[in-house]
Protein chains: 6
Amino acid sequence: MPYVTVKMLEGRSEEQKRALVEKVTAAVSETTGASEDKVVVFIEEMSKNHYAIGGKRLSDEA
Amino acid sequence: MPYVTVKMLEGRSEEQKRALVEKVTAAVSETTGASEDKVVVFIEEMSKNHYAIGGKRLSDEA
Amino acid sequence: MPYVTVKMLEGRSEEQKRALVEKVTAAVSETTGASEDKVVVFIEEMSKNHYAIGGKRLSDEA
Amino acid sequence: MPYVTVKMLEGRSEEQKRALVEKVTAAVSETTGASEDKVVVFIEEMSKNHYAIGGKRLSDEA
Amino acid sequence: MPYVTVKMLEGRSEEQKRALVEKVTAAVSETTGASEDKVVVFIEEMSKNHYAIGGKRLSDEA
Amino acid sequence: MPYVTVKMLEGRSEEQKRALVEKVTAAVSETTGASEDKVVVFIEEMSKNHYAIGGKRLSDEA
């Protein structure tokens, strides 16, 4: 029963999220041998002012 | 000093959440031997479009 | 379908962990209305050299 | 730059894990529009005594 | 490539968050030897009704 | 009471980890206004076969 968390910037459409969980579930099932109905996917969205690379938030970039 | 995270669908009332942290804290304290005042509980809520089982989001179910 | 993570220092016995997941599951089910068989509990153990309060690891305390 | 965490029971082979990260990365890239080299995957393994459904650890099942 | 998550109560200003990621990144780089541009920082905010110590949520304190 | 998690590749020395939690705690305290004794730091180590960028695990790189 794999549990998958996808953390990404906010802004993807519902259609993209729908496709995301479908394709990721298939990939996890195929490679781990877990049946698809046992795969759980959580989406977590970040805002640009809560995410930094190299000490600089994306919201602070020029 | 146990740290407990409860991840669940949004929609519970404040009264339910208040009871949740109280009862979970008691359960953790009783079974681990940590004193109640050392137990920390975080609640994380998910929306139905960010949670999928079997490749299908709860928001996409008929 | 609540997902509960209990993060605590290593060292509890199997008996304590068995009681922990049982009591926590009951507390979550009772207060959220989710049926017990839908409650998932993960235990995560920390070692004393990977856990610090006030800038000092537990393994460094006198 | 999506960050993906796959939490699953220990026991998969290195070959399975290698395929897992490859396929999941492709699925995330294809559906989110992020380039593959920006996708990060973490694998977290659980042991059967640290994972419970319905208040019962997998290690305690008959 | 250290990944740092800072979980804290909501309410800090943008200026505080900007300084937080800058100073934390410098501290991680200096002590781990990772270059600053490899350090990633995530900020996660909690509300007072989702955070409890000793079985009592901060929102329930007198 | 900020909670900080630092996730990084295994291999740092105890001395590095000791300095890491000390410096990170100071940085968080200074920028958020939380007192140092309220800052909690968790270290989580990854192995190279459980961490992938661009679909390739670090353990599979030439």
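Naming convention: chains lettered A, B, ... in sequence-line order (proteins, then strands); numbering from 1 in each chain. Computed from heavy atoms alone, side chains included, the values below leave out hydrogens, waters and symmetry copies. Quick caveat, the model's predicted, so the values are computed rather than measured.
- Listed in order of number, the residues of residues 29-36 of chain A that approach chain D to under 4.5 Å between heavy atoms are E30(A), T31(A), T32(A), A34(A).
- Residue contact with chain D, scored on non-hydrogen atoms closer than 4.5 Å, involves the side chain of Y51(A) exclusively.
- If you take CE on M1(D) and CE on M46(A), they are separated by 9.5 Å, rounding to the nearest 0.5 Å.
- Among residues 2-9 of chain A, the residues having any heavy atom closer than 4.5 Å to a heavy atom of chain D are, in sequence order, P2(A), Y3(A), V4(A), T5(A), V6(A), K7(A), M8(A).
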